Amino acid sequence: MNQYEKRMLAILKEGKARFGFNSVKAEFEAEGTRVDELLRLLELARRADLKVGLKIGGCEAIRDLIECKQYGVDYVIAPMVETPYALEKYAAAVKKVFTDTDERNDIGFLFNLETITTYQALAEMVPVAKANNLGMVFGRVDFAGSMGKDRDFVDTDAMKAHILDAANAARANGLPLVVGGAVSPDSIPLLQDVLAVRLDRFETRKVIFAADTALDLPNLAEGLSLAMEFELLWLKNKRDYYSSIAKEDEKRIGMMEARQQKAAY
């Protein structure tokens, strides 16, 4: 491990011990996580005794689901599932790849509730989710964007009202609920209000917290700061890794160009 990775591992261990860190998270979707990056994240998570959540590319992303199975992730999240039919397609794809019932029971499968369209169809989608044991991830930034709002909307009372509707549906039907999207110390009061109804986890871009543990902490802001540091170190490590790959053949390229020029004469 390099120095970035050693510090990231220390953060994860401290976060688990003190701040309710539950998992680390990657995305094949918006983040475009590559397999080599996922393998590094998996190693960090396993060394810290944490779980791994992975957002796939869509409701029927079979190859992504196969890789979730191959690499052994703990949570699978499908984005932009806006209709009951799309949710049924996701459930069918999960069963196609994870054919064994016991295997499916060991993994948390969730879908993103991240647009006003999904929210308006929630009453029809919840029975499908319940029948297939699918949880919900309320993505606040995209939800705000779907309403023509900016990121400042995520911690408002209006946003909280939408999330509480989802929390009530989750509680009534025994479905896990996760909240994400621009989570910061300003989000803590909103998350505590949602927890009073139903909230299993909440997440930053790279770290997932256990809600019941973390939201009871008076120093949770410190834990969120650690999660931010983890993400920053992750990005720096990624930058340096790919920069080294981009430069690894420069000497050989220079030599081959010189040979080519000489041969031309």
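Since the model is a prediction, treat every value here as computed from it, not as a measurement.
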How far apart are the C-alpha atoms of Ile77 and Glu29, what are their side-chain angles, what is the distance that settles it, and do they pass the side-chain contact (heavy atoms from CB on, under 4.5 Å) test? CA-CA 10 Å; Ile77 307 101; Glu29 186 217 22; over 6 Å; no
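Classification of the Phe109-Tyr90 ring pair by plane angle, with boundaries at 30° and 60°, yields perpendicular. The aromatic rings of Phe209 and Phe21 sit perpendicular, their planes meeting at an angle over 60°, well past the 30° parallel limit.
A search for side chain to side chain contact (heavy atoms under 4.5 Å, CB included) contacts involving Gln120 returns Ile116, not counting sequence neighbours. Residues that satisfy the side-chain hydrogen bond (donor to acceptor under 3.5 Å, both in side chains) test with Ser23, not counting sequence neighbours, are absent from this structure. Checked against side-chain hydrogen bond (donor to acceptor under 3.5 Å, both in side chains), Asn2 has the following partners two or more places apart in sequence or in another chain: Asn237. Among residues two or more places apart in sequence or in another chain, the side-chain hydrogen bond (donor to acceptor under 3.5 Å, both in side chains) test is passed with Glu103 by none. Contacts of Asp155 classified as salt bridge (charged side-chain N to carboxylate O under 4.0 Å, His left out), with partners at least two apart in sequence or in another chain: Arg140. The salt bridge (charged side-chain N to carboxylate O under 4.0 Å, His left out) search around Glu203 returns Lys25, not counting sequence neighbours. Scanning for side-chain hydrogen bond (donor to acceptor under 3.5 Å, both in side chains) contacts around Glu88 gives an empty result, with sequence neighbours left out.
Within the structure, ring-ring contact (aromatic ring centres under 6.0 Å, His included) contacts touching residues 27-65 (residues at least two apart or in different chains) do not occur. Annotation: salt bridge (charged side-chain N to carboxylate O under 4.0 Å, His left out) contacts involving residues 179-202, sequence neighbours excluded, comprise Lys160-Asp193, Arg198-Asp200.
Nearest heavy atoms, Arg104 versus Val94: CD-CG1, 3.8 Å. Nearest heavy-atom pair, Ala144 versus Asp150, reported as atom, atom and distance to 0.1 Å: CB-O, 3.8 Å.
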Would you mind writing out the side-chain donor-acceptor pairs for residues 224-234 within the sub-3.5 Å range, not counting sequence neighbours?
unit_1	atom_1	unit_2	atom_2	d
Glu229	OE1	Arg7	NH2	3.0
Glu229	OE2	Arg7	NE	2.9
Glu229	OE2	Arg7	NH2	3.3

What side-chain donor-acceptor pairs closer than 3.5 Å can you find for residues 171-183, not counting sequence neighbours?
unit_1	atom_1	unit_2	atom_2	d
Arg171	NH2	Asn168	OD1	3.3
Asn173	ND2	Ala169	O	2.8

Under 3.5 Å, sequence neighbours excluded: what are the donor-acceptor pairs made by side chains of residues 246-257?
none

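No more than 12 heavy-atom neighbours from other residues, nucleotides or ligands sit within 6.0 angstrom of CG on Asn133.
Of the charged side-chain nitrogens involved, at least one lies within less than 4.0 Å of a carboxylate oxygen, so that Glu43 and Arg40 count as a salt-bridged pair. Here Lys206 pairs with Glu31 in a salt bridge; the nearest charged N to carboxylate O distance falls below 4.0 Å.
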